[in-house]
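Single-structure report; data block below.
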Amino acid sequence: MSFGKVLTLNTGATIPQIGLGTWLSKPNEVENAVEIAVRNGYRHLDLARVYQNQDEVGRALEKVVPSVVSREELFITSKLWNSCHQPHLVEAALDETLEQLGISYLDLYLVHWPVAFAPGNGLFPGSESGEVELDTQTSLIDTWKAMIKLRETGKVKAIGVSNFSIAQLRGIIDATGVIPAANQIEAHPLLPQDDLVAYCTEKNIHLTAYSPLGNNLVGVPMLTENPVVQSVAKRLDATPAQVLIAWGAHRGYSVIPKSVQEGRIISNFKQVELSKEDYDKVTAIGHGHIRRYNTPVTYKPKWNINVFGEDIEEGADATVRIA
């Protein structure tokens, strides 16, 4: 089992440190995965409209609430998709998610990306041309103000963001005075994002790490295949995934590994603790080898926008509109 550790948001609510991610899961896999996870102790579920599987999660919740857990024992996160950034669409998007899940509120609702798509034509408008149609008029501040209003509805306990940089966070905070409860980011030894971590710590913004094991999007080896990670795992009688989850936990994040295989779902929840020596060894694999696995300009269909300021994004036509 996990250590059962919870972390405290700036709202005063607590979030379980280890959760189940549901991104990149194939149709009809997630219902079973969520049920297995909850029955084996998971209480933190990370979801999103764009994963197109929230109806499956809803079916799983019907099986475990209230027979295994009460709704109040679960911490459920979902995310506002890019095609609903326009302020008049924000609450309706939340309502759609709640309906898909069959619940009355979310514990945390995040702006999924600092990128607005054109509304009204599906999740990826214009994708038949090979490039998503962006909305360059709606700003992050516009969307964040609409998110703030959701707190008055009782449908969300906390609001936050995902994939936001320091400049983007600073922009919405300075404009509204409302600090996000969380920023969900890609974080692993090849992408420690130390400056962003320091800023979020200073502002008391909780960090959740997605893709803690890397992923298969860019055709390079998963971090679980790294020989240093495997060596530490062998010495601790742990799996490489457990070591990478422990690395994120050591840094104070909540961590949301994704799996749909029962054995891995269960083993990912069995936490190990890294000594400072082991933590430093795993951290060192990123020195001089920084890699971001998730950069939208490389997606298909392409998002023609510079989100992170990475070299690969330099040719993008658009930049993030903060104000």
Side-chain angles (χ1 to χ4, degrees), residues 1-7 14-26 29-48 51 53 56-57 60-61 63-64 68-69 73-77 107-108 182 184-192 206-217 221-226 228-275 278-279 282-283 285 293-294:
M1 294 291 284
S2 80
F3 297 150
K5 186 173 182 181
V6 297
L7 305 169
T14 56
I15 180 172
Q17 187 165 35
I18 307 301
L20 180 74
T22 56
W23 184 36
L24 297 177
S25 298
K26 296 176 184 175
E29 291 181 333
V30 168
E31 179 179 349
N32 190 48
V34 170
E35 182 182 0
I36 290 168
V38 173
R39 291 188 184 279
N40 283 279
Y42 283 79
R43 296 296 179 262
H44 174 183
L45 304 175
D46 185 80
L47 322 172
Y51 303 164
N53 55 25
E56 289 186 50
V57 176
L61 292 176
K63 295 178 181 179
V64 295
V68 178
V69 291
E73 291 177 272
L74 294 174
F75 191 100
I76 300 178
T77 298
D107 295 277
L108 179 61
Q184 185 175 128
I185 60 171
E186 179 184 345
H188 45 70
L190 296 186
L191 193 69
H206 173 76
L207 286 170
T208 296
Y210 73 80
S211 294
L213 318 180
N215 63 42
N216 296 313
L217 288 182
M222 294 277 284
L223 279 163
T224 47
E225 299 172 38
N226 183 279
V228 174
V229 174
Q230 293 187 338
S231 172
V232 171
K234 185 175 181 181
R235 188 167 63 257
L236 294 177
D237 192 24
T239 68
Q242 287 170 341
V243 169
L244 291 162
I245 293 164
W247 181 87
H250 188 99
R251 290 168 66 86
Y253 311 148
S254 58
V255 186
I256 48 170
K258 166 259 171 182
S259 184
V260 295
Q261 298 179 23
E262 182 169 3
R264 289 180 181 173
I265 291 170
I266 293 170
S267 68
N268 286 349
F269 199 59
K270 293 177 179 175
Q271 283 186 264
V272 298
E273 194 157 5
L274 298 185
S275 66
D278 285 337
Y279 168 78
V282 175
T283 299
I285 69 178
Y293 285 85
N294 305 291

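What you see below is based on every heavy atom in this structure, not just the backbone, and it leaves out hydrogens, waters and symmetry mates. On a predicted model such as this, the values are computed, not experimentally measured, just so you know.
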Close side-chain approach of Ile36 to Val260, heavy-atom, < 4.5 Å: no
Side-chain heavy-atom pair Gln184, Ile256 within 4.5 angstrom cut-off: yes
Heavy atoms of other groups near Glu225 CD, more than 12 under 6.0 Å: yes
Arg251 side-chain N/O to Pro192 backbone N/O, donor-acceptor pair under 3.5 Å: yes
Lys63 atom NZ: more than 12 heavy-atom contacts under 6.0 Å: yes
side-chain contact (heavy atoms from CB on, under 4.5 Å) between Thr14 and Leu7, worked out: CA-CA 5 Å; Thr14 56; Leu7 305 169; over 6 Å; no
Greater than 12 external heavy atoms within 6.0 Å of Arg39's CZ: yes
Separation of His44 NE2 from Phe269 CZ (nearest 0.5 Å): 11.0 Å
Validation row: Leu45, Thr77 side chains within 4.5 angstrom (heavy atoms): no
Shortest non-hydrogen contact between Pro16 and Phe75, atoms and distance: CD-CB, 3.7 Å
Check: Asp46 main-chain N/O paired with Thr22 side-chain donor or acceptor under 3.5 Å: yes
Spacing of CD belonging to Glu31 relative to OG belonging to Ser25, to within rounding of 0.5 Å: 13.0 Å
Spatial distance of atom CG (Leu108) from atom CD1 (Ile15) [nearest 0.5 Å]: 6.0 Å
Beyond-backbone contact of Leu207 with Ser254, side-chain heavy atoms, under 4.5 angstrom: no
Pairwise side-chain contact, Asn268 with Leu20, heavy-atom cut-off 4.5 Å (strictly under): no
Gln17 side, atom CD; Ile245 side, atom CD1 - distance, nearest 0.5 Å: 10.5 Å
Aromatic ring pairing Tyr293/His188, orientation class (parallel under 30°, perpendicular over 60°, tilted between): perpendicular
Minimum heavy-atom distance between Thr224 and Pro240, given as atom pair plus value: O-CB, 3.5 Å
Considering all heavy atoms, the nearest Leu223-Pro212 contact: CD1-O, 4.2 Å
Any donor-acceptor N or O pair under 3.5 Å, side chains Asn40, Glu262: no
Audit row: Val38, Arg43, side-chain contact (heavy atoms from CB on, under 4.5 Å) steps and yes/no: CA-CA 6 Å; Val38 173; Arg43 296 296 179 262; 3.8 Å; yes
Check against side-chain hydrogen bond (donor to acceptor under 3.5 Å, both in side chains), Glu56 and Asn32: CA-CA 8 Å; Glu56 289 186 50; Asn32 190 48; over 6 Å; no
Interatomic distance, Leu236 atom CG to Ser231 atom OG [nearest 0.5 angstrom]: 9.5 Å
Expected output: side-chain Lys258 to main-chain Leu24 donor-acceptor under 3.5 Å: yes
Worked check of side-chain contact (heavy atoms from CB on, under 4.5 Å) between Ile185 and Thr208: CA-CA 6 Å; Ile185 60 171; Thr208 296; over 6 Å; no
Side-chain donor-acceptor contact under 3.5 Å, Thr239 with Ser267: no
Beyond-backbone contact of Trp23 with Asn53, side-chain heavy atoms, under 4.5 angstrom: no
Parallel, tilted or perpendicular: rings of Trp247 and Tyr279 (30°, 60°): parallel
Near-ring test Tyr253/His206, centroid separation under 6.0 angstrom: no
Ile76 vs Leu47 side-chain heavy atoms within contact, under 4.5 Å: yes
Pair Val282-Asn226, side-chain contact (heavy atoms from CB on, under 4.5 Å): steps then yes or no: CA-CA 9 Å; Val282 175; Asn226 183 279; over 6 Å; no
Heavy-atom check, side chain of His250 versus side chain of Glu273, under 4.5 Å: no
